[in-house]
There are 2 protein chains.
Amino acid sequence: MPKPEVDPTVSLDLSVDRSSPVPLYFQLAQQLEAAIEHGALTPGSLLGNEIELAARLGLSRPTVRQGIQSLVDRGLLVRRRGVGTQVVHSKVRRPLELSSLYDDLEAAGQRPATKVLVNTVVPATAKVAAALGVAEESDVHRVERLRLTHGEPMAYLCNYLPPGLVDLDTRQLEATGLYRLLRAAGITLHSARQTIGARAATADEAERLGEDQGAPLLTMQRITFDDTGRAVELGTHTYRPSRYSFEFQLLVRS
Amino acid sequence: MPKPEVDPTVSLDLSVDRSSPVPLYFQLAQQLEAAIEHGALTPGSLLGNEIELAARLGLSRPTVRQGIQSLVDRGLLVRRRGVGTQVVHSKVRRPLELSSLYDDLEAAGQRPATKVLVNTVVPATAKVAAALGVAEESDVHRVERLRLTHGEPMAYLCNYLPPGLVDLDTRQLEATGLYRLLRAAGITLHSARQTIGARAATADEAERLGEDQGAPLLTMQRITFDDTGRAVELGTHTYRPSRYSFEFQLLVRS
DNA sequence: TCAACGCGTATGTCCGGACAATCGAACTAC
DNA sequence: GTAGTTCGATTGTCCGGACATACGCGTTGA
């Protein structure tokens with residue numbers, strides 16, 4: 001008879017600090033995530049039922065459920081009625097977030113450099129005005145930047161922002177990403193609408209990015225909204241495909 | 001004095017059916033979503049506090065919160081402590097889901113056509129074996145398809161699947177999408193890892209898609225996992241950028 | 001005039017319990 | 001041996017309440 005197929009129920013030592021300002025369900029979620037990351041909770045292993053887990057931690061079941069649910073929402077755990085909660089196999093880790101190119105690169109340890117080519121105020125064209133929800137011909141910020149890694153150009157970024165939102169200092173733009181400036185200005189980013197495509201480089205684009213005319217470029221257009229629904233940024237970016245591609249994880253909305 | 005900036009608190013007639021098998025919180029969520037879609041709840045309007053809403057519906061506050069939370073998770077509502085819950089402005093609607101090209105096109109009313117070029121079993125190369133988590137040289141399905149819209153080729157799709165998962169009938173593959181076949185086979189899709197890039201077309205690719213050699217192509221690689229963590233599909237797709245681009249919405253994970 | 005304070009209000013967190021729905025496996029009957 | 005049934009285990013849904021926390025705004029004080 002072969003060895004049983006059922007994954008073992010793992011029992012690990014969890015604890016919560018009731019004097020901490022961190023919510024209890026969040027403490028639990030953090031510890032579970034750490035246990036998964038660290039390997040204490042192996043893929044496929046069952047988590048043990050919620051009732052007993054709550055008793056062991058001195059928490060109520062709703063609190064335990066809330067903690068588990070947050071990890072389910074992020075794809076780390078799967079619940080099955082009548083079976084239990086188990087750790088998902090494989091490298092299912094960080095799902096897609098709304099992030100800036102700068103943060104992505106920095107997270108990858110690339111130390112990106114930015115060169116601001118243009119930082120002015122211009123009258124909005126019809127398309128820009130429609131995207132940002134402002135009047136045509138009204139003033140908007142226009143920022144053009146070149147993003148470099150290892151001294152080589154990687155992307156050309158053109159952004160429009162409505163006026164009065166944030167102070168666009170060229171030095172700050174070169175030291176950090178646009179999203180950080182927006183967040184630092186008290187803007188709560190909420191969502192974005194993106195389009196990713198490809199096309200051949202024009203002469204100008206080729207020149208800027210160090211490619212040949214007609215070379216394939218990866219393009220991305222994005223409108224970002226804050227939590228009041230205002231459009232706070234319109235970006236038109238072109239990337240050198242040899243140096244950049246979009247990687248992300250998707251979760252099924254169940 | 002200008003007219004007040006505060007958005008009005010909208011009161012609409014909601015009701016739940018306790019004899020329905022549909023969960024109460026879900027009924028509430030559906031009705032709220034319908035009200036938003038229909039325009040009864042206008043962007044920016046407050047939803048009214050949860051306590052009173054619960055009382056009006058004869059529900060408990062946790063149930064009402066669960067219903068509201070599901071819409072918050074989908075980006076339709078925003079909660080503010082001390083303020084209330086309000087409808088998000090703008091066209092922030094469907095966030096990114098794990099979907100198939102076929103479903104996307106059909107949802108857009110395109111009626112896609114599929115031509116199966118290859119449908120065989122081949123020994124797995126090192127890369128395919130690593131992606132699918134099977135032994136090198138073991139048998140895997142290989143499917144090559146051409147996706148057409150309006151009689152014109154739009155994408156070339158090459159997929160590998162582990163054996164024994166699903167019966168890959170060529171006729172079915174031409175009538176529907178691969179994801180539907182997987183779901184119909186009882187497989188619960190969970191997540192996918194994607195990479196989107198661009199490159200110049202090779203002679204073969206140009207031939208297949210009706211482009212010139214060296215023309216820019218949009219590329220997508222995807223490994224799809226089911227809820228047990230198994231890799232169930234590896235896809236390598238190339239798209240004609242003049243006929244297809246990736247559009248989606250991102251939500252900030254707060 | 002303007003800044004600091006306090007209050008009301010709404011959501012955030014947490015509790016303890018109850019019953020229903022579903023899954024898997026052991027058991028039973030044919 | 002096989003198919004159908006029963007049953008235990010576990011999550012799903014729902015309730016009613018309690019206190020904490022943060023935001024907006026009016027009031028107060030300098």
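Keep in mind that this is a model prediction, so the values were computed, not measured. Labels below follow one simple rule: chain letters A, B, ... track the order of the sequence lines, proteins then strands, and each chain is numbered from 1.
- Residue contacts shown for A/Pro23 are limited to sugar-phosphate atoms, with no base heavy atom under 4.0 Å away.
- For B/Arg65, the listed nucleotide lying nearest its side chain is C/dT11; candidates were C/dC15, D/dT11, C/dT11.
- With rounding to the nearest 0.5 Å, the separation of CZ in B/Arg56 from OG in B/Ser15 is 11.0 Å.
- Taking atom CG of residue B/Leu28 and atom C1' of nucleotide D/dC15, one finds them 16 Å apart after rounding to whole Å.
- Between the C1' atom of C/dC14 and the CZ atom of A/Phe26 lies a distance of 17 Å, rounded to the nearest Å.
- Around the CZ atom of A/Phe246, the shell of radius 6.0 Å holds more than 12 heavy atoms that belong to other residues, nucleotides or ligands.
- Of the two residues contacting DNA chain C, namely A/Arg61 and A/Val22, the nearest-nucleotide position lying further toward the 5' end is that of A/Val22.
- Atom CD in A/Glu50 sits about 16 Å away from atom P in C/dG16, given to the nearest Å.
- Checking the phosphate oxygens (OP1, OP2) of C/dT11, a side-chain nitrogen or oxygen of B/Thr85 falls inside 4.0 Å.
- Comparing D/dG12, C/dC14, D/dC14 against the side chain of B/Arg18 picks out D/dC14 as the nearest.
- Comparing atom distances between the B/Leu24 side chain and each of C/dT11, D/dT10, D/dC15 picks out D/dC15 as nearest.
- Closest non-hydrogen pair, A/Leu234 versus A/Ala131, comes out as CD2-CB, 3.8 Å.
- In this structure, of D/dT13, C/dC14, D/dG12, it is D/dT13 that holds the atom nearest to the side chain of B/Gln66.
- Side-chain nitrogen and oxygen atoms of B/Tyr25 include at least one within less than 4.0 Å of the OP1 or OP2 phosphate oxygen of D/dT13.
- Taking atom CG of A/Leu57 as the reference point, atom P of C/dC14 lies 12 Å away to the nearest angstrom.
- Note: CZ (B/Arg79) to C1' (C/dT9) measures 15 Å, nearest angstrom.
- Closest non-hydrogen pair, A/Gln27 versus A/Val22, comes out as NE2-O, 2.9 Å.
- Counting to the nearest Å, the C1' atom of D/dA18 and the CD1 atom of B/Ile51 are 11 Å from each other.
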Can you check side chain to side chain contact (heavy atoms under 4.5 Å, CB included) on A/Leu189 and A/Arg183, steps first, answer last? CA-CA 7 Å; A/Leu189 267 28; A/Arg183 278 191 246 259; 3.9 Å; yes

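- Mapping A/Arg80 and A/Pro62 onto DNA chain C via the closest heavy atom, the residue that lands nearer the 5' end is A/Pro62.
- With distances taken from any side-chain atom of A/Ser60 to the nucleotides C/dC14, D/dT13, C/dG12, the minimum falls on C/dC14.
- For B/Val83, counting side-chain heavy atoms from C-beta on, the closest listed nucleotide (D/dC23, D/dT11, D/dC14) is D/dC23.
- Taking atom CZ on B/Arg81 and atom P on C/dC7, their separation rounds to 20 Å, with Å as the unit.
- The CG-P distance, from A/Leu46 to C/dA25, rounds to 11 Å in whole Å.
- Closest to the B/Asn49 side chain, of the nucleotides C/dC14, D/dT11, C/dA10, is C/dA10.
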